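Encoded as structure tokens, the structure appears first; notes follow it.
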Amino acid sequence: VHPDARRGARHDAQDDANGDHADSGTDGAGADGSADGFGRDGSAPDMAAPDHGATPDAAPVPLTYDVVVVGAGSGGVAVAIQAARLGRSVALVEETDWIGGQMSAQAVPPDEHPWIETTGCTASYRRLRENIRRYYRQNYPLLPEARDDVHLNPGNGNVSPLCHEPRAALAAMYEMLAPYQSDRQLELLLNVRPIAAESDGDHVRSVTFLYEQSGDQLVAHAPYILDA
């Protein structure tokens with residue numbers, strides 16, 4: 001089944017269950033006009049819970065995806081991007097309002113690998129590193145020699161070839177998610193916590209999530225449910 005057909009069927013089934021309503025997706029554009037979806041200060045976009053039609057007193061709304069990733073740390077983000085790249089419909093669910101885990105929330109470098117610029121790096125991780133460097137080139141008044149440095153180390157730290165602020169990693173991750181969010185192949189759900197799971201033996205069939213702010217519930221079904 002073509003991914004577009006799969007996504008259309010998923011949203012059509014949702015509309016049939018809930019009646020017509022406006023689906024609030026993320027199109028990669030920020031409210032302040034920033035094209036990348038995060039604030040100009042590097043903060044996360046305002047990710048209000050999508051209106052799936054549920055109320056605190058109503059039955060949880062069932063939705064079906066190819067892949068559900070529970071946890072949007074750096075590993076969860078990487079899994080979601082790769083699944084979407086392979087044409088799968090993905091729900092990336094995070095119980096806080098922040099993605100990226102330690103890399104985007106603490107003043108730590110992504111790695112301490114001394115040869116990372118030449119070996120031992122996947123294409124996706126290479127792009128993340130390039131995005132972080134581009135964030136500084138586009139938003140900071142760098143000296144010409146720093147701006148032209150292919151291996152720019154913004155923090156100039158000795159512990160890693162790439163020392164950066166947490167918000168730079170956050171911006172870089174949102175940029176990588178944006179193409180898949182814009183066509184609704186990937187849904188990013190923030191402030192949404194898992195509260196129950198349905199399993200068949202060792203296989204998890206579905207997870208029930210609670211929207212912390214509204215009290216609504218969502219049941220996500222998928223052949224692959226990953227605890228990231």
Side-chain angles (χ1 to χ4, degrees), residues 24-32 34-50 52 63 65-86 88-111 122-136 138-139 154 162 164-195 207 209-214 218 220 222 224-228:
S24 60
T26 300
D27 60 6
D32 63 355
S34 54
D36 40 27
F38 45 84
R40 298 194 186 281
D41 62 353
S43 60
D46 183 10
M47 299 293 295
H52 289 309
L63 290 176
Y65 303 87
D66 294 323
V67 180
V68 172
V69 183
V70 184
S74 56
V77 171
V79 169
I81 290 172
Q82 184 60 23
R85 183 178 293 138
L86 293 173
R88 303 296 186 254
S89 61
V90 183
L92 177 58
V93 188
E94 169 59 40
E95 65 178 289
T96 72
D97 63 353
W98 201 265
I99 70 169
Q102 184 175 348
M103 189 188 302
S104 65
Q106 300 180 21
V108 296
D111 63 69
T122 66
S124 294
Y125 185 49
R126 179 76 63 202
R127 182 183 171 192
L128 174 66
R129 296 172 67 84
E130 292 171 352
N131 286 355
I132 291 172
R133 288 180 167 125
R134 186 168 64 252
Y135 176 85
Y136 283 92
Q138 292 177 345
N139 296 288
L162 182 61
H164 57 80
E165 299 162 283
R167 64 182 177 180
L170 181 70
M173 291 184 193
Y174 269 114
E175 182 176 347
M176 295 178 73
L177 290 170
Y180 307 108
Q181 289 182 272
S182 65
D183 68 359
R184 298 192 179 187
Q185 185 179 344
L186 184 151
E187 288 191 70
L188 174 60
L189 307 177
L190 300 181
N191 293 309
V192 178
R193 176 169 55 88
I195 58 174
V207 177
F209 295 97
L210 174 70
Y211 288 97
E212 295 282 13
Q213 296 175 344
S214 68
L218 164 71
Y224 298 97
I225 298 177
L226 309 177
D227 180 5

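Just so we're clear, the structure is a prediction, and the values are computed from it rather than from any experiment.
- With values rounded to the nearest 0.5 angstrom, Q181 atom CD is found 5.5 Å from L188 atom CG.
- Counting all heavy atoms, side chain and backbone alike, P110 lies closest to Y125 at CB-OH, 3.2 Å.
- Smallest separation of non-hydrogen atoms from P194 and V70: CG-CG1, 3.9 Å.
- Inter-residue side-chain proximity for E165 and Y136 is flagged as met; some heavy-atom pair is nearer than 4.5 Å.
- You'll find the side chain of V108 stays beyond 4.5 Å of the side chain of P166, heavy atoms only.
- Shortest non-hydrogen contact noted between M103 and S74 is CE-CB, 4.3 Å.
- To the nearest 0.5 Å, the span separating CZ on R167 from CG on N139 amounts to 8.5 Å.
- Judged purely by atom type and a 3.5 angstrom limit, E212 has no side-chain atom pairing as donor or acceptor with the backbone of N191.
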Practice item. Please step through side chain to side chain contact (heavy atoms under 4.5 Å, CB included) for the pair Q213 and D97, ending with a clear verdict. Key: CA-CA 11 Å; Q213 296 175 344; D97 63 353; over 6 Å; no
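- Between the side chain of S104 and the main chain of I99, a donor-acceptor pair closer than 3.5 Å is present.
- In this structure, the side chain to side chain contact (heavy atoms under 4.5 Å, CB included) partners of V79, at least two apart in sequence or on a different chain, are V69, L226.
- Across every non-hydrogen atom of S124 and R85, the tightest pair is OG-NH1, 3.0 Å.
- Looking at heavy atoms from C-beta onward, V93 lies out of side-chain contact with V207 at the 4.5 angstrom threshold.
- A distance-only check finds a donor-acceptor pair linking the side chain of Q185 to the backbone of R88 [under 3.5 Å].
- The only option from L92, L177, L86, L128 that meets the side chain to side chain contact (heavy atoms under 4.5 Å, CB included) definition with I81 turns out to be L177.
- Between L162 and I132, some side-chain heavy-atom pair lies under the 4.5 Å cut-off.
- Closest approach of G76 to A228, counting heavy atoms only: CA-CB, 3.5 Å.
- Nearest heavy-atom pair, P179 versus E175, reported as atom, atom and distance to 0.1 Å: CD-O, 3.4 Å.
- At a threshold of 4.5 Å between non-hydrogen side-chain atoms, the residues Y180 and V90 do not count as touching.
- E187 and Y65 share a side-chain donor-acceptor pair at under 3.5 Å.
- Residues M176 and V77 form no side-chain contact, since every pair of their non-hydrogen atoms from C-beta on lies 4.5 Å or further apart.
- Every residue two or more places apart in sequence or in another chain that forms a side chain to side chain contact (heavy atoms under 4.5 Å, CB included) with E130 is listed here: R126.
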